[in-house]
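These notes concern the structure reproduced below.
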Amino acid sequence: MEELLGQIAGFKEEYERDVLRLAQELRGRKLPELTEELFSEFERNGNRLHYEAVYFGRRKFLSVFGLVCVMRHGKEDVGKLEEVLLEICREECWALPAHVDRRKPDWRITIDLFASETAQTLAQLVTLLGDELSEPVAERVKREVETRVLAPFMASRAPYSGWERSGNNWNAVCCGNIGSAGLLLLKEGAERRALAERLAHALTFYLKGFGDDGACEEGLGYWAYGLTYFMLFARQLREVYPDMDILAGKKQEAIACFQQKCYFRGGRTVSFSDGSCFEPYSMGLTCSLAYDFDSVRFPEPQYARRLGQDTCWRWVGVYWDWYWTGRFLEAGQAAPRALADCGCEVFPDVQWAVFRGEGGSAAVVKGGHNAESHNHNDVGSFFYLADGEAFLDDLGCGEYTKEYFSDKRYTIFCNRGAGHNIPLIDGGDQCAGKEYRADVFAVPERGTAVIRFEAAYGKPYLRRLERRLHLDEATGELTVTDTALSDREAEFKENLVTRLPAAVAEGQIIICGKRRRAKIVPRGVRGEIVQRTVLHVNHQGEAEPVHVLQWEVEPLEGGVYICTFTVSTEAL
C-alpha cells in the first residue's frame with residue numbers, strides 16, 4: 001500500500017523536525033532538580049507524580065540530546081549532552097521512590113525498571129557516539145553503569161529480584177536493559193557470555209507469561225513496553241551470539257501480531273485491566289516487528305506515538321521511532337499492510353474475543369479471572385465501539401498511587417466490578433482472586449461469545465450466570481443476553497458505564513457521541529433505569545465524569561433471571 005508507506009515516511013520526516021526543534025528549545029535550559037523532599041513524598045503520602053515529573057523531565061533532556069547527537073553529530077549538541085550525562089551520573093538513585101526501600105543500607109543501588117533503562121541509555125549513547133564524547137565523560141558514564149547496575153546484578157545469585165523470574169513486563173524491561181548494556185560495555189569473554197545466558201534464560205519466563213495466542217493480559221501499553229526491551233536484547237544477542245536466538249518461534253510471531261488485533265478506528269485500543277483506551281503505538285517497534293514478521297499489520301500512522309507522547313521519555317522508544325522507521329523504509333520490503341476492517345479474533349488463553357463490523361463497530365469481551373496481572377474485577381465484561389467512539393466503555397487504568405497497589409485497590413471505581421459492564425448481584429461486586437473466574441468462555445460462531453461466570457461473584461446461591469453476546473457484522477448492532485439462576489431471591493442488576501453524555505427516556509438509554517448516537521433497548525426491566533455520575537481519576541491524575549446506568553432485572557419463576565438488551569447506532 002503506497003499510501004501507507006508514504007504516511008510512514010511522513011511520520012519519520014515530522015519526527016526528525018520535532019527532535020531538532022525541541023533540542024533548540026532545550027539547549028539553553030538547565031535540568032530540573034531532584035530533591036530529598038520530592039523523593040520522600042511517596043513515603044509520606046503515596047504521591048508518585050511530583051518526583052516522577054522531575055525525574056522524567058531530566059530523561060527528556062537525555063533522550064532529546066542523545067538522539068540529536070546521533071542524527072547530526074554536532075559539537076554544540078555533544079557538549080550539551082555531556083552536561084546532561086554528568087547530571088544523570090550525579091543522581092543519588094536511578095530507581096523511583098515507589099520501588100526503593102530506604103530501610104536497606106544499600107537502597108541507592110536498586111535495579112528497577114528505570115534504573116535499568118538509565119543504564120542502557122547511557123551505555124548505548126557511549127557506544128553510538130564513541131570518540132565524540134570526551135574520555136572523562138565516557139569513563140564516568142561507563143563506571144556508573146557498571147557500579148549501579150551491571151556489577152550488582154552479576155554479583156547476585158539468580159534471581160536478583162522477583163522480576164527475573166516473572167512473566168510480565170518487569171522481566172522484559174529489566175532483563176532486556178541489563179542484557180543490552182552488558183553486551184555493549186563488557187569485553188568479549190566468559191563473563192559476558194555468562195550474563196547473556198543468564199538473561200536469555202530469564203526471558204523464557206517472560207515468554208511463558210504469554211499463551212500461544214500471543215495476548216498480553218496486562219494490556220497493550222504493557223505489551224509494547226515489555227516487547228520493546230525483549231526485542232532490543234534479542235536482536236543484540238542474535239548478532240553477538242548467533243546460537244542464542246530467542247526471537248524465533250511461533251509464539252514470538254503471535255506476540256508480535258497482538259497489537260494489530262487490539263486497535264480500532266479512531267485510535268481506540270483494548271483497555272482491559274490497567275490498559276489504556278487510547279494507546280499511541282510505537283512506529284519504531286512496529287517497523288522492527290514488521291522487519292522480522294511478514295504477518296505484522298500497521299495501525300493508522302496518525303495514531304503513532306509522536307515525540308513527547310511518552311511522558312517517561314524512554315530512550316529506546318525515542319531512538320527506535322527514528323532508527324527503525326528509517327531502516328524499515330530503506331529496506332525496500334513488501335508494502336506494509338493496514339488493519340483488517342471486519343472479522344473475529346479470539347484469544348483463548350486470556351479469554352478475550354474481538355468482533356469487528358461495518359461502520360467501525362466493534363465489541364470486545366473478556367472472561368478470564370480476577371487475579372490477572374494489573375487485575376480489575378471484570379470477568380464477563382465488554383465494551384462497544386462505533387466509528388471510533390466508545391458508547392459502552394472500559395475505563396482502563398486509573399491514577400497510580402500507593403493506595404492503587406494496596407489492599408484498597410478494589411475500592412477504587414475503575415478497578416471494581418461496578419466500574420465495568422457486568423451484572424451486580426445483591427449490590428455486590430465481583431471478588432478478587434484466581435478462583436473468581438469464568439468457567440466457560442466460548443466463541444461458537446463468528447461474532448458470538450458465550451461466558452459462564454457465576455464463580456466470579458463468590459455467592460454459593462448463584463447457581464448459574466451466563467452472558468451471550470453477539471455483534472451483527474453487517475449492521476453493527478450488539479445484542480447481550482444475561483441469564484441467571486439463583487437458589488434464593490436475589491437483586492440482579494445490569495450495570496453499564498460510558499464516558500459519553502447519556503439520557504434515559506421511555507425505558508431506553510440514549511448515548512450521544514460526536515458522530516453517532518447509540519440507543520440501548522433493554523427487556524426484562526423491573527422498575528426504572530437509574531443514572532448516576534461518578535468521578536473517575538484517570539492515569540494522568542485527571543478527574544473525568546463517568547455515567548453509570550443500572551436497572552433491576554425482573555425475576556421469573558424458579559429463581560430465573562433473564563435480561564436482553566440491544567445496542568444500535570445511527571449517524572448524527
Side-chain angles (χ1 to χ4, degrees), residues 19-20 22-36 39 54-96 106-155 174 177-189 191-192 195 232 236 240 312-316 318-319 322-323:
V19 171
L20 297 176
L22 190 54
Q24 184 63 32
E25 289 179 10
L26 296 176
R27 187 166 285 113
R29 299 183 192 175
K30 293 184 177 181
L31 274 68
E33 185 179 357
L34 292 172
T35 65
E36 165 59 26
F39 195 100
V54 176
Y55 180 98
F56 295 129
R58 294 166 69 87
R59 270 44 185 186
K60 178 179 180 179
F61 280 79
L62 181 62
S63 289
V64 169
F65 284 102
L67 183 53
V68 81
C69 287
V70 172
M71 287 170 53
R72 299 198 310 182
H73 301 277
K75 289 186 178 180
E76 184 180 10
D77 295 322
V78 172
K80 181 65 176 182
L81 178 61
E82 288 189 332
E83 294 177 17
V84 174
L85 289 170
L86 291 175
E87 280 285 332
I88 301 298
C89 287
R90 294 186 190 106
E91 290 178 355
E92 185 173 21
C93 180
W94 283 351
L96 294 186
D106 58 348
W107 62 269
R108 293 173 180 82
I109 307 298
T110 298
I111 306 176
D112 72 341
L113 301 167
F114 301 99
S116 71
E117 286 176 10
T118 301
Q120 193 282 332
T121 303
L122 269 55
Q124 189 164 35
L125 286 172
V126 167
T127 303
L128 288 172
L129 295 173
D131 293 341
E132 292 179 66
L133 294 174
S134 67
E135 186 175 349
V137 171
E139 289 304 313
R140 173 72 185 276
V141 166
K142 292 175 185 177
R143 186 167 66 250
E144 293 294 337
V145 172
E146 181 179 358
T147 301
R148 295 176 188 247
V149 174
L150 292 180
F153 181 81
M154 294 167 67
C174 295
N177 278 312
I178 295 168
S180 174
L183 292 178
L184 289 168
L185 297 186
L186 296 177
K187 294 180 180 179
E188 175 56 51
E191 187 179 47
R192 185 169 75 161
L195 176 64
L232 170 73
Q236 290 179 245
V240 175
C312 296
W313 288 94
R314 299 175 178 93
W315 159 254
V316 175
V318 170
Y319 175 61
W322 173 75
Y323 172 78

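FYI, side chains are in, hydrogens and waters are out, and symmetry mates aren't considered; it's all heavy atoms of this structure.
- The closest side-chain heavy-atom distance from Leu34 to Tyr55 is below 4.5 Å.
- A salt bridge does not link Arg143 to Glu146: none of the charged side-chain nitrogens sits closer than 4.0 Å to a carboxylate oxygen.
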Salt bridge (Lys or Arg N to Asp or Glu O under 4.0 Å) assessment of Glu91 paired with Arg59: CA-CA 12 Å; Glu91 290 178 355; Arg59 270 44 185 186; 2.6 Å; yes

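- Rounded to the nearest 0.5 Å, atoms SG (Cys89) and NZ (Lys142) are 12.5 Å apart.
- Lys60 is listed as a side-chain neighbour of Leu22, based on a closest heavy-atom distance under 4.5 Å.
- Side-chain contact between Leu232 and Asn177 is present, with at least one heavy-atom pair separated by less than 4.5 Å.
- Rounded to the nearest 0.5 angstrom, Thr118 OG1 and Trp315 CH2 are separated by 13.0 Å.
- Summarising the geometry, atom CZ belonging to Arg58 is positioned 16.0 Å from atom CH2 belonging to Trp313; distances are rounded to the nearest 0.5 Å.
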From CA spacing to verdict: side-chain contact (heavy atoms from CB on, under 4.5 Å), Leu26, Lys80: CA-CA 10 Å; Leu26 296 176; Lys80 181 65 176 182; 5.9 Å; no

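- Pairs of residues two or more places apart, or lying in two chains, that qualify as salt bridge (charged side-chain N to carboxylate O under 4.0 Å, His left out) and include a residue from residues 115-134 are Glu117-Arg314.
- The CZ atom of Arg140 sits 10.5 Å away from the CG atom of Leu85 when rounded to the nearest 0.5 Å.
- The number of heavy atoms from other shown groups lying within 6.0 Å of CD (Glu135) does not exceed 12.
- Classified by interplanar angle (parallel below 30°, tilted 30° to 60°, perpendicular above 60°), the ring pair Tyr319/Tyr323 is parallel.
- In this structure, CD on Gln120 lies 9.0 Å from OG1 on Thr127, to the nearest 0.5 angstrom.
- Rounded to the nearest 0.5 Å, atoms SG (Cys69) and CG (Leu133) are 7.5 Å apart.
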